[in-house]
Asks: 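Before we start, here is the structure in question, set down as C-alpha cells.
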There are 2 protein chains.
Amino acid sequence: MRETSGVAETYDFEAMLREAALRVTRPRVAVLTAVHRMPHSDTESIIRAVRESLPTVSHQAVYDSLHALTAVGLLRSIQPSGFVARYESRVGDNHHHAVCRSCGRIADIDCAVGAAPCLVASGDHGFLIDEAEVVHWGRCADCSAGNTPSATP
Amino acid sequence: MRETSGVAETYDFEAMLREAALRVTRPRVAVLTAVHRMPHSDTESIIRAVRESLPTVSHQAVYDSLHALTAVGLLRSIQPSGFVARYESRVGDNHHHAVCRSCGRIADIDCAVGAAPCLVASGDHGFLIDEAEVVHWGRCADCSAGNTPSATP
DNA sequence: GGCTAGTCTTGACTCATTCAAGAAAATGCG
DNA sequence: CGCATTTTCTTGAATGAGTCAAGACTAGCC
C-alpha cells in the first residue's frame, strides 16, 4: 500500500523480499531502502538511516537483516582491509571497487576486461574458485588533491 | 654472527632490516623468520612461532613488528573478508590469492594475465589507483572434498 | 481470529587490534 | 668502550565491530 513518492525510482522492495523467500518485515524493507539510497555505507550509517523511519530498531535487527539480504543475494558486502563492512545493492553484475586508502571512499568500477577477469587461475592448488573479487587501491580525487575529508562515503 | 644452519635457504634478515632503515631487534628478526617459514599465517600463529625462540615477547611487539615490516614492504598483509589478518613475505611480485571460504586456507596465485590485470580502470571516478588486489574465492581441495579441516592454514 | 516458525529486542559478551606510560635496548658518537 | 638519544618493547587496560542467547513479537498461513 505504501504510496510511492513522486520520484521515478520505484523499487518494490517487498516483492524483492518475497521473491527471495524472505518474510517482509519493516526492518528488512528499511535496510534495503537505505542501502539502495546510499550504496557503500557501513553498518553504522545504515542503522542511523533505518532509524529515521523506524526509530526503535535494534542494531541486531539491522545486522540480521544485512546478513539475510546478503545471503540471498539482494545485497553484497564489501570489506576492504582496514575498514569495516560496507554494503551495496548493485548485485549480479560482476563489478569491482576502487577504495581510497585515506578516507575509505568506495567507487564502482566496471571492469574493463570483458569476462571474468583473472578467473584463469582455477585449478591451481586444487581450489574450486567461484568468484574473483578485485579491489583497486588508491586515493580518491579529494584525498589526492590534498584535502583529506573525514571519511564520509 | 649468528651461524646459519646447514639448510640452503639463507635469508639475511638482519641485512634486510638494515636496508629498510629499521633497527635490528630480536622480535623483528623472529617475526620475519616466522612469516618466511609459514606464509599466510595469522597474527596468533606468528606470536606462537616467535615465542618458540623468544618466549617472552609481548603480543604488542609482534603487532608492532608486523606493522613496521609491512610499512617498509618486507611483508604484505592479507585480510580476506571474515578472516583475521594474515601475513606473507612474498612481496614485490604482484601475485594474488585464492581463499577457501570454509577453512580460510590461502594459496598464492600467479595471475594468468601478464601485466597488471584490471588496472585499466584508473581514471574512472577521479581515483588515482596504484594497486589492484585480486582475491579468488572458493573452496580448497580438502573442503570441496567434504572434509572440513579446522582452519589450519 | 488463532498457530507456529521465523524475527526482533535486550543486554551481555567476544576477541582481534589499538592505546598509553614507563622500562629496555639499539645505534651513533666521543 | 661507555654514554646519550631515540626507537622499540613490556605491561595492562581499553576499544569497538560484530556475535550469542533467551524471551517477546509478528508475518504468513489455516
Side-chain angles (χ1 to χ4, degrees), chain A residues 1-2 13-32 34 40-48 50-51 53-72 74-75 77-87 104 151 153, chain B residues 1-2 13-32 34 40-48 50-51 53-72 74-75 77-87 104 151 153:
Chain A
M1 288 304 113
R2 219 176 306 296
F13 296 121
E14 302 197 5
M16 292 165 72
L17 285 167
R18 265 185 255 275
E19 272 157 37
L22 286 181
R23 289 196 178 175
V24 178
T25 67
R26 271 173 300 176
R28 283 179 181 170
V29 174
V31 166
L32 259 185
H40 310 142
S41 11
D42 56 24
T43 311
E44 206 196 300
S45 311
I46 296 169
I47 292 176
R48 274 203 306 272
V50 167
R51 282 186 177 153
S53 51
L54 265 71
T56 63
V57 253
S58 61
H59 67 141
Q60 190 65 285
V62 175
Y63 273 103
D64 286 352
S65 300
L66 286 170
H67 288 167
L69 293 167
T70 304
V72 300
L74 285 176
L75 294 182
S77 86
I78 323 160
Q79 281 178 254
S81 309
F83 296 93
V84 298
R86 317 284 194 79
Y87 292 86
Chain B
M1 289 300 115
R2 222 175 302 295
F13 296 121
E14 302 197 6
M16 292 165 72
L17 286 169
R18 263 184 257 274
E19 272 156 36
L22 286 181
R23 289 193 178 178
V24 178
T25 66
R26 269 173 303 176
R28 285 181 178 165
V29 174
V31 166
L32 259 184
H40 309 145
S41 9
D42 57 23
T43 311
E44 206 196 300
S45 311
I46 297 170
I47 291 176
R48 274 203 304 274
V50 166
R51 283 187 175 151
S53 51
L54 264 69
T56 62
V57 254
S58 60
H59 66 142
Q60 190 63 23
V62 175
Y63 273 101
D64 286 351
S65 299
L66 287 170
H67 288 166
L69 293 166
T70 304
V72 299
L74 284 176
L75 295 182
S77 86
I78 323 160
Q79 280 179 253
S81 309
F83 296 95
V84 299
R86 317 285 194 79
Y87 293 86

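Within every chain, numbering begins at 1; the chains are lettered A, B, ... in the order of the sequence lines, protein sequences first and strands thereafter.
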Asks: Please round to 10 degrees the angle between the axis of the first five pairs and the axis of the last five pairs in the helix from C:dG1-D:dC30 to C:dG30-D:dC1.
Replies: 30°
Asks: Which atom pair, heavy atoms only, marks the closest approach of B:R86 to B:H40?
Replies: NH1-O, 3.1 Å
Asks: Step by step, would you call B:F13 with B:V24 a side-chain contact (heavy atoms from CB on, under 4.5 Å)?
Replies: CA-CA 9 Å; B:F13 296 121; B:V24 178; over 6 Å; no
Asks: If you measure from CG on A:L74 to CE on A:M16, what distance do you get to the nearest 0.5 Å?
Replies: 5.0 Å
Asks: Calculate, to the nearest 0.5 Å, the distance between atoms CD1 and CG belonging to B:I47 and B:D42 respectively.
Replies: 9.0 Å
Asks: Provide the start and end nucleotides, 5' to 3', of the part of DNA chain C that has atoms under 4.0 Å from heavy atoms of chain A.
Replies: C:dA5 to C:dG11
Asks: Measure across A:S77 and A:T70 and return the closest heavy-atom pair with its distance rounded to 0.1 Å.
Replies: N-CG2, 4.2 Å
Asks: Would you give a per-nucleotide map of nucleotides 6-12 of chain D, 5' to 3', where B means the base has a protein non-hydrogen atom under 4.0 Å away, S means only the sugar-phosphate does, and - means neither?
Replies: BBSSBB-
Asks: Which pairs would a plain distance check flag for residues 60-69 of chain B, meaning a side-chain donor or acceptor within less than 3.5 Å of a matching protein atom at least two apart in sequence or in another chain?
Replies:
from: B:Q60; atom 1: NE2; to: B:D64; atom 2: OD1; distance (Å): 3.4
from: B:S65; atom 1: OG; to: B:A61; atom 2: O; distance (Å): 2.8

Asks: Roughly, in whole Å, what's the span from CD in A:E44 to P in D:dT15?
Replies: 16 Å
Asks: Do the side chains of A:T43 and A:V84 get nearer than 4.5 Å, heavy atoms only?
Replies: no
Asks: If the condition is side chain to side chain contact (heavy atoms under 4.5 Å, CB included), which residues does A:A15 pass it with, not counting sequence neighbours?
Replies: A:D12, A:E19
Asks: With sequence neighbours left out, write down each residue that passes side-chain hydrogen bond (donor to acceptor under 3.5 Å, both in side chains) with A:R23, or none if nothing qualifies.
Replies: none
Asks: Assess the residue pair A:L75 and A:L32 against the criterion (side-chain contact (heavy atoms from CB on, under 4.5 Å)); give the C-alpha distance rounded to whole Å, side-chain angles, the decisive distance to 0.1 Å, and a yes or no.
Replies: CA-CA 8 Å; A:L75 294 182; A:L32 259 185; 4.0 Å; yes
